2 protein chains.
Amino acid sequence: MSPRSSAQFEEMREEKKTLIMDVALEHFSDYGFHSTTISHLAKHAGISKGLLYNYFKSKEELLAAIINRSLDEIYKSFNPDRDSNLTPDEFEQFIRKIFAIFREKRQFWKLIYRVMLQRGVYEHLLDDPDSPFKVGGTPLMEYSACMMKLLTDYFSRKKETEGADYDPMTELLMFSTTIKGFALTYIFAPEQYPDVYFEKMIDILIKKYR
Amino acid sequence: MSPRSSAQFEEMREEKKTLIMDVALEHFSDYGFHSTTISHLAKHAGISKGLLYNYFKSKEELLAAIINRSLDEIYKSFNPDRDSNLTPDEFEQFIRKIFAIFREKRQFWKLIYRVMLQRGVYEHLLDDPDSPFKVGGTPLMEYSACMMKLLTDYFSRKKETEGADYDPMTELLMFSTTIKGFALTYIFAPEQYPDVYFEKMIDILIKKYR
DNA sequence: CGTCTTTGATTGAACGGTCGGTCAAAGATA
DNA sequence: TATCTTTGACCGACCGTTCAATCAAAGACG
């Protein structure tokens, strides 16, 4: 096989994988991992059940591939400087970017929420130190810890400019809790967040925590 | 058979049902509905698989029974006057009670979140107008709508005392979003909320929204 | 009190159905 | 023809549910 045709085949192979992953993302996130059958996926992707196993070793590997693809896409558009401190401007951009990602990657977050809340899937995929997930090369857990530290530092530094009864940890907890609540609601019931409220939500958060 | 012994049998039956429901609540909420098998439940309840079907018609009826029992328990300790307007004091009690229920009924909420996020279980159990769930005799959906109205009215009335740029709907959305975020975090990762933060969270919410 | 009868709680093998995964064979390609 | 791709019937495992069979205990009888 010539190098050129080999590359072409590789490309076609990737295209087919992408198609399967697109279908699977939609189904996994709408119906959950267990409730989605391989037969359904194959039918909706227009291929046979057996062929799916030429592209992915197992159902779980398919799930992992989907998650990793989305993590990569997110990483490309969202990678704050993790070594230095956040400035207020950077913090504001941080918030805006998070909300933009919720909007652009709603399906992905739906999947994450569903998978995280399903025992047996969640555990060894997200919790394991050997989890197959990487964000731009960094293991997912390490990446999250890094983000958390960035925020902890930011809130801690604010104590100097705020009143004496300002408690950084409580504020950070309140901040992250609000964002999680927003994510949950927006992802599963976006009709509750028409654009105008979506934007107001961001403004309020920025005004309060910047 | 004398009435007395019949009553005794009835009592024993209820005790056994309670035992099964306790085991099932724990397993359903920890592992999800689908991942929990009848065999596991029977083994942990110390009975045979078949006997479970003398007490509950099906796995789903068992789930419904568990949810209804918890709804009843909650209703008994939390039933604000649904016909008149909330006073600020009542609103404060409302918030405190919600958080108390999160704490006391953590397993139940875990179950609700898991079930709500699992297609095929959620739909006809919670969404249906003919859902088998009642809160103190009122259908669940009607009860929720009533609560929502209570809150909407409360926030609307606050507009008169707040500034002109006070938007009741945005405030209510922010309020309910924060509570949902808290619930999600506390229920699935309570270690993030040691008692001191738990209480602070309540104080902040009351201070901000009362 | 001793013996026979009845009851219904309890068991677990068996059933029908589903699903992830496999593989021999058919089809396409060159 | 030789090689690679694709198919879908098939397999074994598992799960919710059923039901014939069991048996301890309570009642009936003498």
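Note that this is a predicted model, so its numbers are computed, not measured. Quick note: numbers below take in every heavy atom, side chains included, and nothing from hydrogens, waters or symmetry partners. Chain identifiers are assigned alphabetically (A, B, ...) following the order of the sequence lines, protein sequences preceding nucleic acid strands; residue numbering begins at 1 within each chain.
Where B:Gly50 and A:Tyr53 each meet DNA chain C at their nearest nucleotide, the meeting point lying more 5' is that of B:Gly50. Between B:Gly46 and A:Ser58, the residue anchored closer to the 5' end of DNA chain C is B:Gly46, taking for each the nucleotide with the nearest heavy atom.
Minimum atom distance to the side chain of B:Leu51 is reached by C:dT11, of the listed C:dG20, D:dG8, C:dT11. For B:Ile47, taking side-chain heavy atoms from C-beta onward, the closest of the listed nucleotides C:dT11, D:dT6, C:dG20 is C:dT11. Ranking C:dT10, D:dC15, C:dC19 by closeness to the B:Ser48 side chain, first place goes to C:dT10.
For D:dT6, one of the phosphate oxygens OP1 or OP2 lies less than 4.0 angstrom from a side-chain nitrogen or oxygen of A:Tyr55. In terms of phosphate contacts, B:Lys16 brings no side-chain nitrogen or oxygen within less than 4.0 Å of OP1 or OP2 of C:dA9.
Taking 3.5 Å as the limit, the base of D:dT17 and the side chain of B:Lys49 contain a donor-acceptor pair of atoms between them.
The distance between the ring centers of A:Tyr197 and A:Tyr193 does not fall below 6.0 angstrom. Residues B:Phe102 and B:Phe198 keep their aromatic ring centres 6.0 Å or farther apart.
A donor-acceptor contact shorter than 3.5 Å links the side chain of B:Arg106 to the backbone of B:Ile187.
No side-chain donor-acceptor contact under 3.5 Å links B:Tyr55 and B:Thr18.
Summarising the geometry, the separation between CZ on A:Phe33 and C1' on C:dG20 is reported as 10 Å, rounded to the nearest angstrom. What separates NE2 of A:His34 from P of D:dC15 is a distance of 11 Å, to the nearest Å.
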